Structures are given as C-alpha cells and as structure tokens.
Amino acid sequence: MNDDEISIENMWTQSKSVFVNKSVLKVNYTPKKLSDALHREEIINRYQRYLIDVSRGLSPNNIFVYGKSGTGKSLVTKLVLKDLVQVASQRGMNVKVININCENLRTENAMWIDINSQMQELFNVENSHILWNSRSKHVAFFQSLFNKYNGILIIVLDEIDKAVDYNIINKLVRSVSDYNNQSPCLICITNDVKFQNYLESHVLSVLAQNELQIDPYNAEELCDILRARARIAFKNESITDIVIQVCAALSAQSYGDARLGISLLAKAGEIADEISRDYVIENDVRLANERLEIDRIVEVVKTLPTQSKLVLLSCIYTYEHMSKRECLTGNIYNIYKKFCIELDIDILTQRRVSDLITELDMLGIVNAVVVSKGRHGRTKEVVLDTNWRLLKNYCFEDSRLKFLKDFKYTSMFKSFF
DNA sequence: CCTCCACCGGAACGTGAGGAGT
DNA sequence: ACTCCTCACGTTCCGGTGGAGG
C-alpha cells in the first residue's frame, strides 16, 4: 500500500466534521412547518387570506409574488400550499398543486410536457404519448383532465422571469384561464419587478389579481434565520454566534439574501473541515465568501459563447502583457484579431467587441470603465480581478480555444506595439 | 478657448436558425 | 414539406463626447 492509498482511506474513516446535519444548509432544503419560516408571519397571513376561497370550495384569484432572491418567496409558497393541501384534505376537500420551475424553460412544448406529466401523476392517468410535440394535443389533454376534476387546481410558476421566452407565459395563461366554470389558480413568482412590462395587458390583468410583495430580510432577521439553521446543521461547540453574525452581515450587504448566508455557513464549515479544525472561525466565512464569488464567476465563464471567451482572453492577455493602463478597447481588439486569425475564427467588428466587453462587465467578470484620454480619445479601460489567471484556464476548456494555450505571445506583443 | 482623437453607443438593417401553422 | 414569423446575433452608419494639447 502506498502513501496515497492511506490518505484516501483516512478521508473516509478518520475525517471529523463540524457538521451533524449538513443537509439543512442545502439550497433546496425546505423546512417542515409553517412556523419554521421565520419573520414571514405577516406575509403568510396575507397569503392565506388570498387563498381563503379554497375553504368555500372556490378557486382563489391568481397571485403574483415579488421579491428579491433569497427573500423566501418559493419557501413561503411551498409551506403555505403544503399546509393548505393538508387542511383541505382533512375537511374532505380536493386541492392539487402543480409546480413549474420556469428557469431555462426554452419552449412552450417543454412547459406543457412538464405540466401534463404532473397532471398525469396527480390524476393517476396513463398516457404513453405525453411527449407530443403538438401544443393543441397538450392543451386538449390538460382540459380533459381538468374538466373532469371536481376540486381546486393550483399551478405555481416559479422564477417566471427566468423563462427563456416570456411569450410562453402569455400563451399558458390564455390556455388555462378560458373556462366557463372554474379556472386553475395561477401563482407567479418572480424577482424582477419589471417583469410585468413583458406581459400582455390582458394577461397581466388576469395574473395580477392579487399581489404579494416580499421585502428583503434585515441583518437581525437574517441572524435569526441563520441561527436556527446553524443549530441543526452544526455541532454545538463548532460554531459561535460571532461567525453567524458575520454571515448575516455579508448577506445583508447582498440585499438581504438569506440563501447567500446559508451557503456561507455551509462553505465556512467545509473550510474548517478541510483542515480538520473542530470549529468555524470568522476568517473561514470571509474565505467562503471569496470562494462563492469565484464559483459564481467560473460558472458564468463556462457558459459564455466562444466569441465572448475569446474577447475575455484578449482582455486577460492585454492586461498580462502590457501596462495596466493600456488595457483599452483598441489594444484589446488588436490582440483579439490576432487570435481570430490564429484560430481561423470569424473576426467581429470593433463595435461588437466593445459590446461584448460591456457584457463581461455587467456579468461582473471584468471591470470596464469609460475613460477619456484627452487628445488620445475616449475608450474603455478594462481592469481585471485578482482571479484572472484562473479564468484563463476555463477559457481554454473551450474546444476551439484550447490551441491558444501554447501560443507564443511575447513576439506577438513586440511586433504589435 | 478651440480642436481633435479614438472610441462610445443608439438606431436601423441584414441574416440565418428554429419553431409554429398548414 | 412548405411558408411565415420571430429572435438572436452581428454589421453599418453616424452623431456624441471629455479632456489633453495647441
């Protein structure tokens, strides 16, 4: 047995941990009871009032829920509906809930397949042709089940603003709200207040019959929430209140995003585990914050199209090989053109490349500021974060760009300037 | 104070891919 | 299989701009 095998074995058998139940720090974890949704009593109360019609056997008005990310929109919705379904069934009433996550919903068909496979499950019907690619068949299937149903159907459209095609929402609302008797109740959840602008006015008036705005948590509320989770997740002696307060403060800075605070707790615990320390310290949280930010940027970089990655690489190389004050659109564009020729990729115009740099700036990958160089014109000056070396490697993962890895740059820069 | 650089950024337009309807 | 439509992506055109330098 060599050294490597021993250390790997140690990982499984001897590693100790600051956690006792890490699963409560997972992003998709939902608490069990309504009362577990801390500092949301008032919202829950209003939510229940909007849904009160259910107790009279009527389909409630549609609800539009707004709130920034990490304010507990989806969590409160899940808990309120779970409670509602339970209470209703105790009274012998029929309430069914369909959950659609609109994130990355590309086509209307994909949404219908999602809705109808849930309908199939809820109503216990067999239909092997559910993967139709015809909208009319899906609508007919949905209507036939819904018309036979003697109860209340609630359709939750979560992260509605992240649907790739907003028109899908318009079409869905038109297809499910044209009933003479009862229509399903639609609950739309979004963190984009401007989302309403993208909806047809008729659709909007149907959807936004009741509105629920959820404000971000303040630092104290975040502290309470994190404390409650930490109590379950960590060993008693592994975490101090100071650490929790730092997590709360950082997530309060990030517009009261509770999800961030919970991720920070998890990551900080992992960092303590890495070095087998029995407890989490404040510095672990700061380190965790940096790592989460890098993770986020890396994820974004990985999904960029090849041209954007090439522009990013051009920024990085200009930044690396020239003085920082020369990392300007014109210079970046020259490098970019050289790369395109080298890789036999279409050369975009400087106008377009300028837009791509602006996009990289908006994604938080680079920092592009418009500066005036007087006689030497106006341009964008690009500044990179400290982790640019890391980003370079992720750009090389693109099959078309990997050849640039061994490219000899020094001579190129000399010949240029 | 005026000029002029080097690019910014809005608007209009072209093009190809892909979905919807027939 | 065909046409029509929409949309993302990109180009072309052009007026606008802030401040160093004359």
Side-chain angles (χ1 to χ4, degrees), chain A residues 100 102-116 129-143 160-176 178 192 194-195 197-200 203 300-315 318-319 322-341 343-363 365-383 398 400-401 416-417:
Chain A
I100 306 291
C102 301
E103 190 173 8
N104 297 325
L105 210 57
R106 295 208 162 265
T107 61
E108 196 188 355
N109 213 47
M111 177 195 63
W112 275 115
I113 290 174
D114 198 357
I115 292 179
N116 276 342
H129 307 294
I130 198 78
L131 295 173
W132 299 304
N133 55 5
S134 154
R135 175 178 175 271
S136 47
K137 283 185 185 171
H138 275 296
V139 175
F141 180 73
F142 175 84
Q143 286 178 340
I160 194 171
D161 51 293
K162 290 198 184 140
V164 175
D165 181 1
Y166 293 143
N167 231 352
I168 294 175
I169 310 300
N170 288 322
K171 287 176 182 169
L172 171 76
V173 173
R174 274 188 263 121
S175 336
V176 303
D178 294 341
D192 184 1
K194 284 178 289 180
F195 178 74
N197 300 342
Y198 307 120
L199 296 175
E200 293 169 8
V203 168
V300 177
V301 169
K302 278 184 185 170
T303 57
L304 287 176
T306 305
Q307 284 286 8
S308 294
K309 280 191 197 137
L310 192 54
V311 170
L312 174 60
L313 263 182
S314 310
C315 293
T318 314
Y319 193 75
M322 305 178 73
S323 87
K324 311 244 142 102
R325 306 197 61 189
E326 284 176 302
C327 196
L328 312 171
T329 309
N331 293 341
I332 293 166
Y333 187 62
N334 284 333
I335 304 288
Y336 163 82
K337 279 192 292 189
K338 266 276 176 185
F339 283 163
C340 286
I341 294 166
L343 297 170
D344 198 20
I345 285 177
D346 290 347
I347 304 175
L348 303 182
T349 56
Q350 183 159 342
R351 174 75 186 85
R352 180 70 189 132
V353 169
S354 174
D355 272 349
L356 292 181
I357 295 175
T358 306
E359 277 173 32
L360 291 174
D361 175 55
M362 287 196 292
L363 290 168
I365 301 169
V366 304
N367 211 327
V369 195
V370 178
V371 292
S372 178
K373 301 274 175 187
R375 257 277 152 98
H376 307 290
R378 244 156 69 94
T379 179
K380 269 201 273 274
E381 197 175 273
V382 175
V383 181
D398 191 300
R400 294 175 74 188
L401 302 185
F416 249 138
F417 310 106

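Because the structure is a prediction, the values reported are computed rather than measured. Just so it is clear, the values below take in all heavy atoms, side chains as well, and ignore hydrogens, waters and symmetry mates. Numbers restart at 1 for each chain; the letters A, B, ... are given by sequence-line order, proteins then strands.
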*Asks:* Return the value, rounded to whole Å, for the distance between atom CD of A:Glu381 and atom C1' of B:dA6.
*Replies:*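 Interatomic distance, CD of A:Glu381 to C1' of B:dA6: 14 Å.
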
*Asks:* Mapping A:Ile357 and A:Gly377 to their closest nucleotides on DNA chain B, which lands nearer the 5' end?
*Replies:*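 Result: A:Gly377.
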
*Asks:* The side chain of A:Lys380 is closest to which nucleotide in this list: B:dC8, C:dG10, B:dT3?
*Replies:*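 My answer, after comparing the listed nucleotides, is B:dC8.
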
*Asks:* So, for A:Val311 and A:Leu360, which heavy atoms are closest and what is the spacing to 0.1 Å?
*Replies:*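 Result for this residue pair: CG1-CD1, 4.1 Å.
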
*Asks:* Which pair of non-hydrogen atoms, one from A:Gln350 and one from A:Gly330, has the smallest distance, and what is that distance?
*Replies:*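 Closest pair (atom of A:Gln350, atom of A:Gly330, distance): NE2-CA, 4.2 Å.
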
*Asks:* Just how far, in rounded Å, is P of C:dT11 from CG of A:Leu356?
*Replies:* 9 Å

*Asks:* Is any side-chain heavy atom of A:Asn334 less than 4.5 Å from a side-chain heavy atom of A:Lys337?
*Replies:* yes

*Asks:* In whole angstrom, give the distance that lies between atom CG of A:Asn331 and atom P of B:dC5.
*Replies:* 18 Å

*Asks:* Looking at B:dG9, does its base get a donor-acceptor pair with the side chain of A:Arg378 below 3.5 Å?
*Replies:*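 No pair found.
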
*Asks:* Counting the atoms with a prime plus P, OP1 and OP2 as sugar-phosphate, which does A:Ile347 contact under 4.0 Å by heavy atoms, base, sugar-phosphate, or nothing?
*Replies:*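 Sugar-phosphate only.
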
*Asks:* Take the protein atom NE2 of A:His376 and the nucleotide atom P of B:dT3, then report the distance between them rounded to whole Å.
*Replies:*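 Going from NE2 in A:His376 over to P in B:dT3 covers 19 Å.
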
*Asks:* If only side-chain N and O atoms of A:Thr349 are considered, is one of them under 4.0 Å from the OP1 or OP2 phosphate oxygen of C:dT11?
*Replies:* yes

*Asks:* What is the distance from CZ of A:Arg352 to C1' of B:dC7, rounded to the nearest Å?
*Replies:* 17 Å

*Asks:* Please report the distance, rounded to the nearest Å, between CG in A:Asp355 and P in C:dT11.
*Replies:*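 Taking atom P of C:dT11 as the reference, CG of A:Asp355 is at 10 Å.
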
*Asks:* Indicate, yes or no, whether a donor-acceptor pair under 3.5 Å links the base of C:dG19 to the side chain of A:Ser372.
*Replies:*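 Absent.
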
*Asks:* Closest to the A:Thr329 side chain: B:dC7, B:dT3, C:dT12?
*Replies:*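 Per side-chain heavy atoms of A:Thr329, the pick is B:dC7.
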
*Asks:* Rounded to the nearest Å, what distance is computed from the OH atom of residue A:Tyr333 to the P atom of nucleotide B:dC8?
*Replies:* 12 Å

*Asks:* Is any side-chain N or O of A:Arg351 under 3.5 Å from a base N or O of B:dG9, one able to act as donor and the other as acceptor?
*Replies:* yes

*Asks:* Is there a donor-acceptor pair under 3.5 Å between the side chain of A:Gln307 and the backbone N or O of A:Ile345?
*Replies:* no

*Asks:* Distance check needed: B:dC4 P versus A:Lys373 NZ, whole Å only.
*Replies:*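 It is 22 Å, rounded to the nearest whole Å.
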
*Asks:* Counting N and O atoms only, with roles assigned by atom type, does the side chain of A:Thr318 sit under 3.5 Å from a partner on the main chain of A:Ser314, one being a donor and the other an acceptor?
*Replies:*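 Checked: pair present.
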
*Asks:* Looking at B:dC7, C:dT12, C:dG10, which one has an atom nearest to any side-chain atom of A:Gln350?
*Replies:* B:dC7

